[in-house]
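A quick write-up on the structure given underneath.
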Amino acid sequence: MLLKKSSFIALLLVFVACQIQVSAQVSAIKPGEVWPDNRGEHVQAHGGGIIKIGKLYYWFGEDRAKDNDPAKRYVACYSSPDLTNWTFRNKVIKTGDPANFGKGFVLERPKVFYNKKNRQYVMYLHMDSANYKAARVGVAVCDKIDGDYKYLKSFRPLGEQSRDIGQFVDDDGSAYLIFEDRAKGFHIAQLSDDYLSVEKEICLIKAPLEGGALVHYKGLYYAIGSALTGWDPNPNKYATATSLSGPWSEFKDIAPPETNTYGSQSTMMVKVVGTKSTTVIFMADQWRPKAQWDSRYLWMPLEIGEGKLWLPKPQPWKIDVKTGEWKYTDEK
Ligand code: DGJ
């Protein structure tokens with residue numbers, strides 16, 4: 001009886017330890033490392049995007065978990081009050097081929113916009129055939145942020161090829177889709193009132209760039225993109241303009257070119273406006289094409305201002321989303 005009781009207590013302790021382990025707080029953003037969510041699993045939000053609703057940030061991205069059905073494609077949604085600790089909410093898309101893209105169809109780089117007028121969440125996706133020749137965007141909608149999104153349609157924005165997509169919401173609330181058209185370049189296009197279609201070309205930057213991202217910071221627009229090298233990293237570049245419609249400056253390196261952007265590829269820039277400071281975070285993917293579930297994230301605060309932008313050498317850091325301030329940390 002005594003033995004049974006002690007085994008029971010030991011088991012209980014192991015159970016409690018596991019619970020503590022799973023719900024442990026993540027103390028810092030650690031570029032290139034496994035990023036555990038509230039369940040202790042590596043965040044699956046590759047090629048992702050972030051929107052803030054109320055006090056929470058929501059991170060959407062490609063869910064490439066190892067045990068996903070290989071015939072389906074998944075998008076996951078996570079939420080966080082501090083951009084550091086992420087709670088898994090839902091696999092908001094889990095779909096077979098929705099429109100005959102064929103075997104090995106592509107569903108990448110989900111980006112969610114909130115349409116205030118219709119109180120609707122509108123997701124844009126890069127949808128494609130396995131050989132990337134269909135080159136379309138897909139649209140899916142939901143009336144709650146982390147519900148199951150309903151696939152609506154796919155099309156070529158403004159009749160053009162579209163591969164990597166990015167999202168940008170300007171300070172005046174206007175929403176834009178960034179899309180890469182191999183034949184022409186980097187498009188910035190405004191969405192319709194209901195966000196369900198791509199309405200108007202604002203600018204075509206004639207540069208072969210994908211992984212497009214934009215931020216509006218202290219009166220200047222900054223655009224970032226990567227070269228077209230598949231899953232391999234390359235030196236990402238930036239340009240600036242006083243208006244979204246251009247003219248845009250020449251593109252310059254964001255990091256020492258020999259580092260290939262520290263092995264990463266841009267997906268978004270997140271502007272955190274705090275009470276004391278504004279921080280712009282470079283959000284990028286370190287792809288592992290042979291083990292995509294283990295692809296890592298490189299998030300770093302950018303050195304930005306007066307037309308210059310620079311990605312510091314990645315190392316662990318912390319952000320206070322209330323003040324907007326960040327600092328490096330040695331905390332484990
Ligand atoms: C680079 C893109 O940025 C990725 O999203 C993905 O489409 C790969 N190319 C595929 O090679």
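Worth knowing before you read on, the calculation uses all heavy atoms, side chains too, and leaves out hydrogens, waters and symmetry mates. In listed order, ligands and their atoms are each counted from 1. Numbering of residues begins at 1 and proceeds along the displayed sequence.
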Report yes or no: is the cationic atom of R163 (NZ for Lys, CZ for Arg) closer than 6.0 Å to the six-membered ring centre of Y132, at no more than 45° off its axis? no
Would you check whether D164 has a nitrogen or oxygen atom less than 3.5 angstrom from a nitrogen or oxygen atom of ligand 1? yes
Enter the distance from E62:CD to Y74:OH here, rounded to the nearest 0.5 Å. 14.0 Å
Identify the closest protein heavy atom to atom 10 (C) of ligand 1: which residue and atom is it, and at what distance? Y132 OH, 3.3 Å
With a heavy-atom distance limit of 4.0 Å, tell me whether Q265 approaches ligand 1 through its side chain, its backbone, both, or neither. side chain
Atom CH2 in W287, atom OG in S295: separation rounded to 0.5 Å? 6.0 Å
About how many Å separate CG of L302 and CZ of F282, when rounded to the nearest 0.5 Å? 7.0 Å
Atom 7 (O) of ligand 1 has as its nearest protein heavy atom E108 OE1, 2.6 Å
Any side-chain donor near an acceptor of the partner, Y195 and N118, under 3.5 Å: no
Single hit among Y57, W317, W59 for ring-ring contact (aromatic ring centres under 6.0 Å, His included) with W299: W59
Could you tell me whether some N/O pair between W287 and ligand 1 is separated by less than 3.5 angstrom? no
Which part of R109 is near ligand 1, with near meaning a heavy atom under 4.0 Å away: side chain, backbone, both or neither? side chain
For G230, atoms of ligand 1 separated by under 4.0 Å from a heavy atom: 1 (C), 9 (N), 11 (O)
